[in-house]
Amino acid sequence: QVQLVESGGGLVQAGGSLRLSCAASGRTFRMYSMGWFRQAPGKEREFVAAINWSGSSTVYADSVKGRFTISRDNVKNTVYLQMNSLNPDDTAVYYCSTGIRVPIGTRVDDMDYWGKGTLVTVSS
């Protein structure tokens, strides 16, 4: 079992930055891929960014490439999402997730455990 708790969401103006954190506990965090997904009102949950167990490989959705950076600290059992140049289209609940079956997960079905999410609101 893995428990994931997100933090760092909030209200920010367009062009601003936020850093999300996800603290993990339970099964061996450092062994698994981690990912960030988001869900806007009325829309399906979508992939944002993913990182493999060591941090040596990352994948990003085209919509956030060049603006968001995913990283992890396996000593602190924490994964981060640095979000820069935010725009109103980034408004969503952001979910941290972990996939124990895949080296790096980019689909909702790849992931096995989810946090409860943190809300990011970007005003224009």
Side-chain angles (χ1 to χ4, degrees):
Q1 196 75 357
V2 176
Q3 293 79 42
L4 303 171
V5 179
E6 303 96 337
S7 61
L11 174 64
V12 63
Q13 288 188 332
S17 298
L18 280 176
R19 188 194 197 200
L20 305 183
S21 299
C22 173
S25 60
R27 296 178 68 168
T28 310
F29 167 83
R30 63 181 63 85
M31 294 176 60
Y32 305 123
S33 68
M34 298 295 296
W36 287 95
F37 291 72
R38 67 187 181 186
Q39 188 165 16
K43 294 187 176 181
E44 293 187 351
R45 193 169 299 189
E46 65 175 6
F47 168 73
V48 175
I51 189 167
N52 71 338
W53 72 273
S54 67
S56 62
S57 180
T58 57
V59 181
Y60 296 92
D62 288 343
S63 59
V64 307
K65 202 171 294 183
R67 300 188 298 123
F68 291 11
T69 302
I70 188 171
S71 61
R72 67 189 295 163
D73 184 333
N74 286 344
V75 174
K76 295 182 178 180
N77 285 356
T78 302
V79 63
Y80 305 96
L81 185 68
Q82 178 65 44
M83 306 186 295
N84 299 328
S85 301
L86 286 161
N87 61 65
D89 289 340
D90 296 316
T91 294
V93 176
Y94 282 71
Y95 297 91
C96 174
S97 61
T98 184
I100 65 175
R101 296 171 285 122
V102 296
I104 188 165
T106 61
R107 304 179 307 153
V108 171
D109 290 346
D110 288 337
M111 313 311 280
D112 298 287
Y113 298 97
W114 296 86
K116 294 183 177 180
T118 185
L119 176 63
V120 172
T121 304
V122 184
S123 63
S124 58

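Worth knowing before you read on, the calculation uses all heavy atoms, side chains too, and leaves out hydrogens, waters and symmetry mates.
- Residues passing the side-chain hydrogen bond (donor to acceptor under 3.5 Å, both in side chains) test with Asp62 are Lys65, sequence neighbours excluded.
- Listed by chain and number, the residues in a side chain to side chain contact (heavy atoms under 4.5 Å, CB included) with Ser124 are Pro88 (sequence neighbours excluded).
- Residues Trp36 and Ile51 have side chains not in contact (no heavy-atom distance under 4.5 Å, counting atoms from C-beta outward).
- With sequence neighbours excluded, no residue forms a side-chain hydrogen bond (donor to acceptor under 3.5 Å, both in side chains) with Lys116.
- Each salt bridge (Lys or Arg N to Asp or Glu O under 4.0 Å) pair with one or both residues in residues 80-106, not counting sequence neighbours, appears once here: Arg38-Asp90, Arg67-Asp90, Arg101-Asp112.
- Apart from Val93 itself, the hydrophobic cluster it occupies contains Phe37, Phe47, Val59, Tyr95, Ile104, Val108, Met111, Trp114, Leu119, where clustering links Ile, Leu, Val, Met, Phe, Trp and Tyr at side-chain heavy-atom distances under 4.5 Å.
- Under the 4.5 Å side-chain heavy-atom criterion for grouping Ile, Leu, Val, Met, Phe, Trp and Tyr, Leu20 is connected to Val64 within one hydrophobic cluster.
- Under a 4.5 Å side-chain heavy-atom criterion applied to ILVMFWY residues, the cluster that includes Val75 comprises that residue alone.
- The structure places CD of Glu44 at 8.0 Å from CD of Gln39, a figure rounded to the nearest 0.5 Å.
- Taking the side chain as every heavy atom from C-beta outward, Asn52 and Pro103 never approach each other to under 4.5 Å.
- By the criterion of side-chain heavy atoms lying less than 4.5 angstrom apart, applied directly or through intervening Ile, Leu, Val, Met, Phe, Trp or Tyr residues, Ile100 is grouped together with Met31 in one hydrophobic cluster.
- Glu6 places no side-chain N or O within 3.5 Å of a backbone atom of Thr118 that could act as its donor or acceptor partner.
- A donor-acceptor pair is defined here as one N or O able to donate and one able to accept, closer than 3.5 Å; no such pair exists between the side chain of Asn74 and the backbone of Asn77.
- No continuous path of hydrophobic side-chain contacts links Val5 to Tyr80 [ILVMFWY only; heavy atoms under 4.5 Å].
- Annotation: the span from Leu81 atom CG to Tyr60 atom OH amounts to 7.5 Å, rounded to 0.5 Å.
- Contact annotation: the side chain of Leu86 approaches that of Phe68 to within less than 4.5 Å [non-hydrogen atoms, C-beta and beyond].
- Listed for the Thr78 side chain is no donor-acceptor partner under 3.5 Å among the backbone atoms of Ala23.
- At distances below 3.5 Å, not a single donor-acceptor pair connects side-chain atoms of Thr69 with backbone N or O atoms of Gln82.
- Under the 4.5 Å side-chain criterion, counting only non-hydrogen atoms from C-beta, Met34 is in contact with Leu4.
- Using a 4.5 Å cut-off between side-chain heavy atoms of Ile, Leu, Val, Met, Phe, Trp and Tyr, with links allowed through other members, Val2 and Tyr94 fall into the same hydrophobic cluster.
- For the pair Tyr113 and Ser97, the minimum side-chain heavy-atom distance is 4.5 Å or more.
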